[in-house]
Amino acid sequence: CQGFEVDRLRWRLHMAERAQELWLLRDAIFQVVASQHCQAQAMARIEGLVPAFQQVLPARLVGRA
């Protein structure tokens, strides 16, 4: 992905200090990927993030996206 919104999202990801902050950026990630690829690709990428967060966040936060 490329463009202003992608650069902005990368900056937000870089500035996140906690796993919860990263988890809350899922919607922004979905929007960027869906706009440059498709919704199915965006959903697959978001679903791929879930396992990485299951060990570091409470289960109530890491429900299916």
Side-chain angles (χ1 to χ4, degrees):
C1 296
Q2 299 176 7
F4 174 76
E5 287 301 319
V6 175
D7 292 340
R8 185 172 161 221
L9 178 56
R10 282 188 182 120
W11 180 82
R12 291 174 66 192
L13 290 165
H14 178 74
M15 296 305 292
E17 295 181 359
R18 299 176 303 163
Q20 186 173 357
E21 292 174 62
L22 293 170
W23 181 249
L24 294 175
L25 289 171
R26 293 180 335 276
D27 184 55
I29 294 167
F30 180 91
Q31 294 300 323
V32 166
V33 175
S35 72
Q36 295 198 13
H37 298 283
C38 66
Q39 287 185 353
Q41 179 71 243
M43 184 56 71
R45 291 186 188 193
I46 294 301
E47 287 294 319
L49 294 175
V50 172
F53 287 93
Q54 287 177 326
Q55 299 297 318
V56 295
L57 292 176
R60 64 179 165 61
L61 290 179
V62 189
R64 286 293 183 200

Peer 1: Quick one: list whatever passes side-chain contact (heavy atoms from CB on, under 4.5 Å) with I29, sequence neighbours left out.
Peer 2: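 For I29 the side-chain contact (heavy atoms from CB on, under 4.5 Å) partners, ignoring immediate neighbours, are L9, L13, V33, I46, L49.
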
Peer 1: Does R18 have any salt bridge (Lys or Arg N to Asp or Glu O under 4.0 Å) partners at least two apart in sequence or in another chain, and if so, which?
Peer 2: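 Testing R18 for salt bridge (Lys or Arg N to Asp or Glu O under 4.0 Å), a comparison that skips the adjacent residues, returns E21.
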
Peer 1: Just jot down the salt bridge (Lys or Arg N to Asp or Glu O under 4.0 Å) partners of R10, sequence neighbours excluded, or say none.
Peer 2: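 Salt bridge (Lys or Arg N to Asp or Glu O under 4.0 Å) check on R10 returns D7.
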
Peer 1: Distance check, rounded to the nearest 0.5 Å: C1 atom SG versus Q41 atom CD?
Peer 2: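 Between atom SG of C1 and atom CD of Q41 there are 8.5 Å.
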
Peer 1: Return the CD to CD distance between Q2 and E5, rounded to the nearest 0.5 Å.
Peer 2: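 Rounded to the nearest 0.5 Å, the CD-CD separation comes to 14.5 Å.
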
Peer 1: List for me each residue that meets side-chain contact (heavy atoms from CB on, under 4.5 Å) alongside A34, sequence neighbours excluded, and say none if there are none.
Peer 2: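 F30, Q39, A42.
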
Peer 1: Not counting sequence neighbours, which residues clear side-chain contact (heavy atoms from CB on, under 4.5 Å) with A52? List them please.
Peer 2: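 Expected list: none.
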
Peer 1: Given a cutoff of under 4.5 Å between side-chain heavy atoms of I, L, V, M, F, W and Y, with clusters grown through shared members, what are the other residues clustered with M15?
Peer 2: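 ILVMFWY cluster around M15 also holds W11.
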
Peer 1: Kindly state each residue pair satisfying ring-ring contact (aromatic ring centres under 6.0 Å, His included) with at least one member in residues 31-51, sequence neighbours excluded.
Peer 2: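 Residue pairs with at least one partner in residues 31-51: there are none.
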
Peer 1: Could you tell me whether a side-chain N or O of W23 sits under 3.5 Å from a main-chain N or O of F53, the two making a donor and an acceptor?
Peer 2: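 The answer is no, because no donor-acceptor pair under 3.5 Å joins these two groups.
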
Peer 1: With Q20, which residues qualify under side-chain hydrogen bond (donor to acceptor under 3.5 Å, both in side chains), at least two apart?
Peer 2: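 Once residues adjacent in sequence are excluded, Q20 has no partner under the side-chain hydrogen bond (donor to acceptor under 3.5 Å, both in side chains) criterion.
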
